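Below you'll find the structure, written out as structure tokens, and then a few comments.
Given the structure is predicted, the values throughout are model-derived calculations rather than measurements. Here is the naming used below: chain letters follow the sequence lines, and residue numbers restart at 1 for every chain. All values below were derived from every heavy atom in this structure, side-chain atoms included, with hydrogens, water molecules and symmetry-related copies excluded.
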Amino acid sequence: MSLTIAAQDAAPQQTWLEKLGPGHIVLAVALVLYPLVASDFFLTQIGGYSLIFGMLALSLMMLAGYGGMVSLAQITVAGIAAYAIAILGNNNSNVLGFGWPWWLAAPFAVLAAAVASALIGWISVRTEGIYTIMITLAIATATYYFAQQNYAIFNGHSGYAGIHAPSFWGVNWRDPKAFYYLCLGFAVLSYAAILYGARSTFGLTLQAIRDNPRRMRALGYDVTAHKVFAWFLAGIIAGLAGVLLVWFNGRVSPGTIGVDAAIDVLIIAVIGGLRHPIGPFFGALVVVLMQTFAIDIVGAERFNTLIGLVFLVIVFVSPDGILGLWGRIKPHLAQESLRSGP
Amino acid sequence: MSILDRPSSSDLSGGGMTRRQAWGLFWLLAAALVAWLVFAVWPEWLNAILISKKAFVSAILNGVTLAGLYFLVASGFTLIFGLMRNVNLAHGSLYLLGAYIGYEVANRTGYWLLGVAAGFIVLAAVGVVMQVFVFRRLEGDDLRQTLVSIGISIVAADVMLAVWAGGTYQIAVPEWLDGALTLPVITAVRSNGASVFLTYPLYRLVVLAAAIVIGVGLWLMLNKTRVGMMIRAGVDDRAMLSASGVNVHAVFAIVFAVGAGLAGFAGVVGGSALSVAPGEDIRYLLASLVVVIVGGMGSISGAAIGALLIGLAEQIGLIYFPTYGIVLTFVIMVVALAIRPQGIMGKAR
């Protein structure tokens with residue numbers, strides 16, 4: 001969590017408004033005022049969901065964009081946090097459920113997720129490049145099957161239900177407005193942390209390792225340790241998203257961490273773009289909107305075909321996602337007046 | 001490709017036994033132990049530990065035959081990845097599509113062999129189409145190839161769900177392959193002195209035999225034929241092979257056809273032994289991933305070893321620790337990565 005604290009400290013300076021940039025300010029105002037115009041459905045099913053999946057994809061974007069490690073196990077990490085909440089806190093499935101208060105269970109769940117993420121990272125950084133995606137996919141799939149088979153820890157196929165979001169300060173945080181602001185708060189924290197972290201010493205070192213691991217090793221950096229620590233940090237973000245997800249759904253089952261969900265996170269990150277931390281949130285918004293409204297067009301059954309095709313088109317046309325499309329069109333628009341010939 | 005190629009340190013160790021001899025002795029003892037476990041009548045204490053001899057030997061046989069199936073699927077995956085650096089995460093979908101096509105053809109014509117052939121041929125064609133129209137366009141871009149293959153697998157799974165719905169199919173095995181075989185393995189001795197022999201489905205043994213034949217064939221093709229030579233040369237230096245007048249894209253299309261065709265073949269064969277249902281694509285993708293990670297990329301012998309390990313682990317886990325079985329698979333993968341990140345038979349790069 002040191003990163004998020006540092007980000008808060010760094011922000012308030014004399015020119016912080018300028019530093020923030022007009023884009024961020026407009027976005028922030030829009031997001032804060034969104035509950036004034038949105039119905040409960042739009043607040044939670046679109047707003048909250050997009051923010052949660054945006055955070056999940058953000059943790060992937062951090063690993064892929066800055067570390068060059070494309071992970072398919074982010075939903076697994078989030079799932080570990082979600083299961084930890086169900087096991088440590090209360091559930092009505094009559095399995096485990098230690099009844100810890102939320103302020104103890106939530107940090108432990110996030111920590112468990114971060115440690116699990118670091119372990120997954122430690123396993124996968126033993127190889128490089130495209131192997132990472134295969135190893136993480138294998139881990140995600142194996143965890144899914146394990147959660148489905150095992151009744152002692154994961155309560156098998158049915159998983160856990162009856163998990164409640166906490167109520168404190170006189171607010172029930174599962175209420176649409178409160179939950180939206182809760183998600184927004186954590187999403188902004190993670191986003192700011194990534195923005196700041198990317199320019200920190202650690203972030204720059206990580207990017208240097210991504211670009212040339214051999215040189216960094218020769219310069220005396222511990223490449224493995226940096227990568228594993230990046231996994232740990234990504235695990236914190238994914239873990240937070242997992243906690244929010246289980247508070248929102250009130251239940252967690254193997255389906256939550258299935259292969260479809262793991263691939264969804266990758267789709268979101270790729271559709272949004274892996275170059276800038278805002279990309280995953282755009283991607284999440286697009287996918288969640290599609291998920292909600294495309295059902296009216298193509299029917300609930302064929303939704304995966306639609307999302308798969310959109311994904312294929314994005315990968316073929318613009319490897320950097322929607323942000324990449326914008327980045328390619330923007331200079332054309334800006335220089336349209338300067339063009340003379342065809 | 002084989003153990004013999006590895007730089008052995010046999011000349012370093014002095015004393016009575018070289019390292020290779022020591023390993024030879026070790027494997028000999030292991031083989032003797034396995035032979036004893038399989039053929040001898042077990043004493044009481046062993047039955048007490050391992051439930052029963054029948055359960056144990058059946059688990060081993062199931063594991064080995066499942067390994068044959070895994071090998072068929074994973075050998076295509078490992079060929080495509082190892083030789084072309086082309087990660088095809090739609091490989092599980094190829095398996096499932098092959099199974100469905102085999103089911104349709106076998107069901108309509110009534111000839112099981114025709115279904116098997118159709119599974120291979122149609123999927124080989126699909127593989128060529130994928131290579132020519134999709135992967136060739138993204139040559140040299142690992143990540144995009146992988147992403148595209150994920151996209152294809154999503155669409156394929158959904159389309160197959162639309163066509164064949166969510167039901168479970170079983171491809172009927174022809175009569176001459178059906179039935180059980182009595183093996184010369186005594187599982188128990190009755191009180192009247194008569195021995196109880198183990199019976200095992202004939203079909204599964206045929207699957208195993210087919211996998212072995214295909215594995216040997218693949219190895220021979222890669223190492224002894226002209227096409228195999230071209231494939232290996234193309235992997236090492238594509239530009240040089242191209243400069244010497246070989247159409248490299250044709251070579252890669254052949255490899256893709258063989259890899260995808262094998263997945264389709266395995267689909268029909270596996271769909272006859274087990275069942276065909278949505279979700280099997282993920283199962284076999286996981287199996288291929290783990291087999292190839294453990295065995296080493298691009299190595300046929302590695303795929304065989306990996307498949308054997310995973311198949312045995314899965315079936316033994318199923319019997320002895322049912323709800324933790326998958327953990328065994330997982331542990332094998334982690335241990336393999338920790339000790340040999342490039343896989344048991346993989347080359348260090």
*So which of I123(A), V270(A), I314(A), N150(A) has the largest heavy-atom pair count under 4.5 angstrom toward chain B?*
N150(A)

*Could you tell me which of V87(B), V292(B), T329(B), L89(B) has the largest number of non-hydrogen atom pairs under 4.5 Å with chain A?*
V87(B)

*asked:* Show, in sequence, the C-alpha distance, side-chain angles and deciding distance for L286(B) and Y145(A), and conclude whether the side chain to side chain contact (heavy atoms under 4.5 Å, CB included) test is met.
replied: CA-CA 10 Å; L286(B) 172 69; Y145(A) 282 126; 3.8 Å; yes

*How long is the gap from CG on L289(B) to CD1 on I133(A), to the nearest 0.5 Å?*
10.0 Å

*Partner residues of W122(A) under the side-chain hydrogen bond (donor to acceptor under 3.5 Å, both in side chains) criterion, sequence neighbours left out*: none

*Output the residues of residues 260-267 of chain A for which the shortest heavy-atom distance to chain B is under 4.5 Å, in residue-number order; output 'none' if no such residue exists.*
I263(A), L266(A), I267(A)

*Quick one: pull up CG in L285(B) and OG1 in T141(A) and give me the separation to the nearest 0.5 Å.*
6.5 Å

*Is any side-chain heavy atom of I139(A) closer than 4.5 Å to a side-chain heavy atom of F330(B)?*
yes

*In Å, rounded to the nearest 0.5 Å, how long is the span from CD1 of I150(B) to CG of L137(A)?*
7.0 Å

*salt bridge (charged side-chain N to carboxylate O under 4.0 Å, His left out) contacts touching residues 309-333 of chain B (sequence neighbours left out)*: R283(B)-E314(B)

*Part of L312(A) within contact of chain B (heavy atom distance under 4.5 Å)*: side chain

*asked:* Does any backbone or side-chain atom of F146(A) lie under 4.5 Å from a heavy atom of chain B? Answer side chain, backbone, both or neither.
replied: both

*For atom OH of Y169(B), is the number of surrounding heavy atoms from other residues, nucleotides or ligands below 6.0 Å larger than 12?*
yes

*Within-4.5 Å side-chain heavy-atom neighbours: T146(B) and M134(A)*: no

_Min side-chain heavy-atom separation F311(A)-V155(B) under 4.5 Å_ = no

*Interchain contact, V70(A) with chain B, by part (heavy-atom threshold 4.5 Å)*: side chain

*Against chain A, label L337(B) side chain, backbone, both or neither, depending on which of its atoms sit under 4.5 Å from a heavy atom there.*
both

*Can you name the ring-ring contact (aromatic ring centres under 6.0 Å, His included) partners of Y49(A), sequence neighbours left out?*
F53(A), F248(A)

*asked:* I'd like to know which of I307(A), I135(A), V259(A) tops the heavy-atom pair count under 4.5 Å against chain B.
replied: I135(A)

